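Letters go in sequence order (proteins before strands), and every chain restarts at 1. None of the values given here were measured: they were computed from a predicted structure.
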Protein chains: 2
Amino acid sequence: MDVSSRRIERVKLDELSGSLGFLLRLAQLRAFEDFFSDRGPRGLKPGEFSVLWVIARNPGIRQSLLGQRLMIKRAHMTKLIRVLEDLGLVSRRTPEADRRAVELTLTAKGRQAVETSSTEFFSYEEATGEPLNDGERTQLISLLQKYVGLREGEAR
Amino acid sequence: MDVSSRRIERVKLDELSGSLGFLLRLAQLRAFEDFFSDRGPRGLKPGEFSVLWVIARNPGIRQSLLGQRLMIKRAHMTKLIRVLEDLGLVSRRTPEADRRAVELTLTAKGRQAVETSSTEFFSYEEATGEPLNDGERTQLISLLQKYVGLREGEAR
DNA sequence: TATTGTTATACTCTATAACTATA
DNA sequence: TATAGTTATAGAGTATAACAATA
């Protein structure tokens, strides 16, 4: 196979290449692809890691609040948490103050899993963003934070 | 219900809020949510629209090339195109030059569908990006284009 | 041997609605 | 009546591998 066939031929996208939704979809696919290609499938998937991470920083957090922040629907949350509970990473308890709710905390095993994975996840993160230089990467992160509601003020 | 319960309580995310992968996932969910909440479910879904749009700009494009550009895997592409063919929007032909390949073009009905939907899609696009101002939105798009490989040069 | 596309299978993520138990 | 969570079900998207036809 020659080199030219490795290159993606030109495809006209016109206005589509200026679509925020389209770009975000491609960018997310790209980020996940990078993430999984670098190494074989490891212990925690990105979604599981983020759930465990947030529980670790917010012990006793309610399922509903966790779901709101991570944009995971209630029904899906139930299944996700059950898996993590079955793995022995998360424990659930019903608070006396509101017996409808469920408060989440990590087990010792869960805390250890987050600890182990976090080095891996975040060291990967720093090495990512390939075609962007450091300044651009920082700026992209800043703009996304604002877009997503993680910043009250300006994006810079 | 009082106002305070409508607001999302603070959740500590720490380093996670600086993760590009995490932010891209949230941003994409947000963009799609905006898109679907504004209006009821309309004719074309974003994925279908983008496929039709690209075929419209690149008549006779091969399935493989289309898939590469839109980051859709071959097996998925087959199913996607079949649906669009069954809807009478796309037609397929085998070129004599390479009888393994499939060249895609839009039918008259397909061209009309793109025409109709494009106004809707792109006018929505312009009104989007809510917490960002125009300059920030432009910059975000620019950075994403570079990240995703739609620009050779610099991101600005 | 490599490539294009297809088929079959399965798994994840998401959406919806009906349900319970509490409030 | 409203809320937190659960259950059940279905659909979309994706991943994988085996396959046929062609190069």
Side-chain angles (χ1 to χ4, degrees), chain A residues 1-9 25-26 28-33 35-37 40-41 44-51 60-86 90 92-104, chain B residues 1-6 8-9 25-26 28-33 35-37 40-41 44-51 60-68 70-86 90 92-104:
Chain A
M1 175 194 316
D2 66 353
V3 184
S4 66
S5 65
R6 278 263 174 247
R7 225 179 291 140
I8 295 187
E9 295 163 47
R25 178 176 158 276
L26 285 195
Q28 213 230 312
L29 288 174
R30 204 209 121 100
F32 272 59
E33 193 179 69
F35 185 80
F36 285 111
S37 69
L44 293 174
K45 285 172 281 184
E48 294 170 342
F49 172 74
S50 64
V51 166
I61 191 175
R62 304 251 172 118
Q63 267 190 215
S64 50
L65 180 57
L66 179 58
Q68 278 169 41
R69 184 66 281 177
L70 299 183
M71 296 183 83
I72 298 170
K73 292 262 159 55
R74 281 181 308 157
H76 188 206
M77 204 61 189
T78 297
K79 286 188 276 187
L80 230 166
I81 294 296
R82 173 137 57 232
V83 170
L84 296 175
E85 197 181 21
D86 290 349
V90 166
R92 299 144 39 88
R93 71 173 276 275
T94 303
E96 279 310 313
D98 184 345
R99 315 243 345 265
R100 296 170 302 180
V102 172
E103 290 180 351
L104 304 171
Chain B
M1 174 195 316
D2 65 353
V3 184
S4 66
S5 66
R6 278 265 174 242
I8 296 188
E9 297 164 48
R25 179 177 158 273
L26 285 195
Q28 212 230 314
L29 288 174
R30 204 210 122 102
F32 271 59
E33 193 179 69
F35 185 81
F36 286 111
S37 68
L44 293 173
K45 285 171 281 183
E48 294 170 342
F49 172 75
S50 63
V51 166
I61 190 174
R62 305 253 171 115
Q63 265 189 217
S64 51
L65 181 57
L66 179 58
Q68 278 168 41
L70 300 183
M71 295 184 84
I72 298 170
K73 291 261 158 57
R74 281 182 308 157
H76 188 206
M77 205 60 190
T78 298
K79 286 189 278 187
L80 230 166
I81 294 297
R82 174 138 57 233
V83 170
L84 296 174
E85 197 181 20
D86 289 349
V90 166
R92 298 142 41 87
R93 71 172 276 275
T94 305
E96 279 309 314
D98 185 344
R99 316 240 346 261
R100 296 170 302 180
V102 172
E103 290 180 352
L104 304 172

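A salt bridge links B:K45 and B:E48; the closest N-O separation between the charged side-chain nitrogens and carboxylate oxygens is under 4.0 Å.
Counting any heavy atom pair closer than 4.0 Å across all strands shown, A:T78 reaches a base atom.
Nearest-nucleotide positions on DNA chain D for B:K73 and A:V102 put A:V102 closer to the 5' end. Judged by closest nucleotide on DNA chain D, A:A75 is the one of A:A75 and B:L80 placed further toward the 5' end.
Atom-to-atom, CG of B:L65 to C1' of C:dG5 comes out at 14 Å; the value is rounded to the nearest Å. For the pair A:E33 CD and D:dA15 P, the computed distance is 8 Å after rounding to whole Å. Summarising the geometry, the separation between CG on B:L44 and P on D:dA12 is reported as 14 Å, rounded to the nearest angstrom. Atoms CD (A:E103) and C1' (D:dA4) sit 12 Å apart, rounded to a whole Å. The interatomic distance linking B:H76 (NE2) with C:dT9 (P) rounds to 18 Å, in whole Å. The CZ-P distance, from B:R82 to D:dG13, rounds to 15 Å in whole Å. Computed from coordinates, the B:M77 CE to D:dT16 P distance equals 19 Å when rounded to whole Å. For the pair B:L29 CG and D:dG13 C1', the computed distance is 14 Å after rounding to whole Å.
The structure places CD1 of B:I72 at 6.0 Å from OG of B:S50, a figure rounded to the nearest 0.5 Å. The distance from atom CG of A:L26 to atom CD of B:Q28, rounded to the nearest 0.5 Å, is 9.5 Å. To the nearest 0.5 Å, atom OG of residue B:S64 and atom CZ of residue B:R100 are 9.5 Å apart. Summarising the geometry, atom CG belonging to A:L65 is positioned 9.5 Å from atom CE belonging to A:M77; distances are rounded to the nearest 0.5 Å.
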Could you write nucleotides 18-23 of chain D as a row of B, S and -, 5' to 3', where a protein heavy atom under 4.0 Å of any base atom gives B, of only sugar-phosphate atoms gives S, and otherwise -? ---BBS
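Out of D:dA15, C:dT16, D:dT14, the shortest distance to the side chain of A:R25 is found at D:dT14. Counting only heavy atoms from C-beta on, B:R92 has its side chain closest to C:dT6 among C:dT6, D:dG5, C:dT4. For B:K79, the listed nucleotide lying nearest its side chain is C:dT9; candidates were C:dT6, C:dT9, C:dT14.
B:L70 and A:L29 get closest at one heavy-atom pair: O-CD1, 4.4 Å.
A:L104 pairs in a side-chain contact (heavy atoms from CB on, under 4.5 Å) with only one of the listed residues (A:Q63, A:E85, A:R93), which is A:Q63.
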